[in-house]
Amino acid sequence: MKRTIEVSTKGMSLRVHDKCIEVRFNNDLCCRVHPEDLNLVVLGSNGVSVSAGALNALATAGVGMLSVDDKSQPNGLFLPFWSNSTHAERYRMLAATPEPVAKQLWAKIVAQKILNQSLVLSGEAEQRFLRRLSGEVKTGDATNLESQAAQYYWPRAFAKHIKEPFRRKPDGAPPNGLLNYGYAILRAAMARAICIAGMQPSLGIHHRNKYARFCLADDLMEPFRPYVDRIVLGLLADNKSEMDKEAKQRLLHVLSKDVFCGKEHFLLSYMIEKTASSFADCIAQKYKDKISAKQAASHLLLPRG
C-alpha cells in the first residue's frame, strides 16, 4: 500500500540518500522511505526544506506533493509528468472531447456522487430519496440534480452534530475547514493520477472556470467526496470540529479507505488511479473505435460505497 505522509514540523527536511527519501529533523534521521512506496507528500510548514534530489526522485516515482498554508489550506501542488509518454496525444484528445461524450461522462459522475452521498445519511427514507435522484440524472445533468441533492444532503448529513442547519461553504463555519482539507487531499491525489494517465488536470469536462486550476481533478473527484464527509462525521462524533494534528492524520488516511467498484474492492488511492486511467480510455476509445458517447462513458470506473 502506498503511503501519504505529512511533514509539518519546522526544521524538518527531505533529502535523498541511497535511493531512499530521508526525513530528518535538525539532521537527526526520523524515517527513511523508498519513493516508490509513496503516493503523496504534504508539506505543512514554511520551515520544511526539500532538496532538488528529493524532488527529482519523487517526480520520477510518480509521487505528488501538496503544500498548505498556516491555516492548513492548500496553496501549491507538485505533480509528476514523467510516468507517461503519451501526454501530447492525450492532451489533444482531452481538449477536443466531443460535447455528447463530456455530457454522458458528467451524468455518470453526478449519479454516482449522489448515490454515494445517500450512503452517508443514516435514515432509510433519506437514503431512498437520494437513490431516486441518482437514477434520474440525465445527460449533462440537464436538470441540475447535483445541486438539488446537495441542498437535501448537507443539512441532514451533519444534523446529529450541529444544531444550526449546516451550509457547505469553503470559507464557512466549522466543520468546513475539515472538509476543505480532506477535499484538498483528494484533489491532489486525483491530479497526480490524471498526470500519470497522461492527461492535463486543468482541462475539465464540466468544471471550466477560467480561474480554476484543477478542473478535471474537480470533475473526477466528485464521487469520492462522501468518503471525506464520513471521516469528518467521525471527528464531529469525537467533539472535534477544528483542525488539529489528530484531525489531519485521520483525514490523510482517506486514501487508505476501502471502496468498491463492481464486486471488487480497492484502496481509495488505487481507485483514484483506476478512475483517471479509465477516463483516459473512454476518451481514447471514442476516437479509435468510433463508438457512441454512451458506450464510451460506460467504461468510466467510479467508486461505490
Side-chain angles (χ1 to χ4, degrees), residues 4 6 40 42 44 66 68 71-74 109-134 145-190 217-218 220-261 265-272 275 302-305:
T4 299
E6 184 185 53
L40 186 68
V42 180
L66 174 71
V68 299
K71 296 180 180 177
S72 297
Q73 297 306 304
I109 289 168
V110 169
Q112 191 63 58
K113 176 185 179 181
I114 296 174
L115 195 59
N116 289 349
Q117 285 177 326
S118 77
L119 299 175
V120 176
L121 301 182
S122 55
E124 174 56 30
E126 288 85 354
Q127 289 189 3
R128 188 165 55 246
F129 178 78
L130 287 186
R131 285 200 300 269
R132 181 176 64 77
L133 284 189
S134 172
L145 291 188
E146 183 195 20
S147 176
Q148 293 180 44
Q151 292 176 29
Y152 185 87
Y153 170 74
W154 286 114
R156 290 165 177 79
F158 294 122
K160 183 178 178 182
H161 305 288
I162 299 176
K163 292 181 180 178
E164 299 294 325
F166 177 71
R167 296 186 64 189
R168 170 60 189 147
K169 294 177 65 178
D171 57 349
N176 276 291
L178 298 176
L179 293 167
N180 293 343
Y181 188 83
Y183 296 156
I185 299 298
L186 289 182
R187 184 174 291 108
M190 184 58 78
D218 288 339
L220 299 183
M221 67 180 271
E222 292 293 353
F224 292 87
R225 289 179 185 264
Y227 299 98
V228 169
D229 302 346
R230 279 204 186 97
I231 295 176
V232 173
L233 279 169
L235 289 166
L236 292 175
D238 295 336
N239 296 315
K240 292 182 178 295
S241 60
E242 303 279 359
M243 187 66 72
D244 60 14
K245 186 176 180 180
E246 181 185 344
K248 282 184 180 179
Q249 290 177 339
R250 289 168 66 171
L251 287 164
L252 283 170
H253 285 163
V254 67
L255 298 179
S256 62
K257 296 291 183 185
D258 276 328
V259 302
F260 278 88
C261 179
H265 67 90
F266 305 96
L267 290 178
L268 190 141
S269 59
Y270 185 59
M271 190 65 230
I272 282 177
T275 294
L302 297 171
R304 174 178 60 82

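Residue numbers count from 1 along this sequence. Values in this document were obtained by computation on a predicted structure and should not be read as measured data.
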side-chain contact (heavy atoms from CB on, under 4.5 Å) partners for F129, two or more places apart
R132, L133, Y152

In chain order, what residues pass the side-chain hydrogen bond (donor to acceptor under 3.5 Å, both in side chains) check against D229, with sequence neighbours excluded?
Y153, Y183

How far does OG of S256 sit from CG of L268, to the nearest 0.5 angstrom?
8.5 Å

Contacts of type side-chain contact (heavy atoms from CB on, under 4.5 Å), residue P174, not counting sequence neighbours:
S241, E242

How far apart are the C-alpha atoms of L186 and I272, what are their side-chain angles, what is the distance that settles it, and do they pass the side chain to side chain contact (heavy atoms under 4.5 Å, CB included) test?
CA-CA 9 Å; L186 289 182; I272 282 177; 4.3 Å; yes

Approximate separation, where rounding is to 0.5 Å, of I231 CD1 and Y181 OH:
11.5 Å

Evaluate F158 against L179 for side chain to side chain contact (heavy atoms under 4.5 Å, CB included), listing each step before the verdict.
CA-CA 12 Å; F158 294 122; L179 293 167; 4.2 Å; yes

Pair listing, ring-ring contact (aromatic ring centres under 6.0 Å, His included) test, anchored in residues 225-255, at least two apart:
none

Counterpart residues, side-chain hydrogen bond (donor to acceptor under 3.5 Å, both in side chains), relative to R250 (two or more places apart):
D238, E246

Are the side chain of S134 and the backbone of L130 linked by a donor-acceptor contact shorter than 3.5 Å?
no

I'd like to know if the side chain of E6 and the backbone of G44 have a donor-acceptor N/O pair within less than 3.5 Å.
no

Can you name the closest pair of heavy atoms from F166 and A173 and give their distance?
CE1-O, 4.4 Å

Please round to the nearest 0.5 Å and tell me the distance separating atom NE2 of H161 and atom CG of N239.
9.5 Å

From CA spacing to verdict: side chain to side chain contact (heavy atoms under 4.5 Å, CB included), L255, L267
CA-CA 7 Å; L255 298 179; L267 290 178; over 6 Å; no

State the CE-CG distance between M243 and N180, to the nearest 0.5 angstrom.
8.0 Å

Ignoring hydrogens and geometry, is there a side-chain-to-backbone donor-acceptor pair from N116 to P223 under 3.5 Å?
yes

Quick one: are L236 and P175 in side-chain contact, heavy atoms under 4.5 Å?
yes

What residue pairs, at least two apart or across chains, pass salt bridge (Lys or Arg N to Asp or Glu O under 4.0 Å) with a residue in residues 172-190?
R187-D218

With sequence neighbours excluded, tell me which residues meet salt bridge (charged side-chain N to carboxylate O under 4.0 Å, His left out) with R304.
none

Pairs involving residues 147-170, ordered by first then second residue, that meet salt bridge (Lys or Arg N to Asp or Glu O under 4.0 Å) (sequence neighbours left out):
none

V259 vs Y270, test: side chain to side chain contact (heavy atoms under 4.5 Å, CB included). Steps then yes/no.
CA-CA 10 Å; V259 302; Y270 185 59; over 6 Å; no

First locate atom CE of M271, then atom CE of M190, and finally report the distance between them rounded to the nearest 0.5 Å.
8.5 Å

Does any pair with a residue in residues 118-127 pass side chain to side chain donor-acceptor pair (under 3.5 Å), and if so which ones, sequence neighbours excluded?
E124-R131

Please report the interatomic distance CD(E222) to OG1(T275), rounded to the nearest 0.5 Å.
12.5 Å

Between K240 and D244, is the closest basic N to carboxylate O distance under 4.0 Å?
yes

Looking only at heavy atoms, the pair that brings V42 and V68 closest together is CG1-CG1, 4.3 Å

Does any pair with a residue in residues 172-182 pass salt bridge (Lys or Arg N to Asp or Glu O under 4.0 Å), and if so which ones, sequence neighbours excluded?
none

Apply ring-ring contact (aromatic ring centres under 6.0 Å, His included) to H265 and list each qualifying residue two or more places apart in sequence or on a separate chain.
F260

So Q148 and L145, do their side chains get closer than 4.5 Å, heavy atoms only?
yes

D258: salt bridge (charged side-chain N to carboxylate O under 4.0 Å, His left out) partners, not counting sequence neighbours:
none

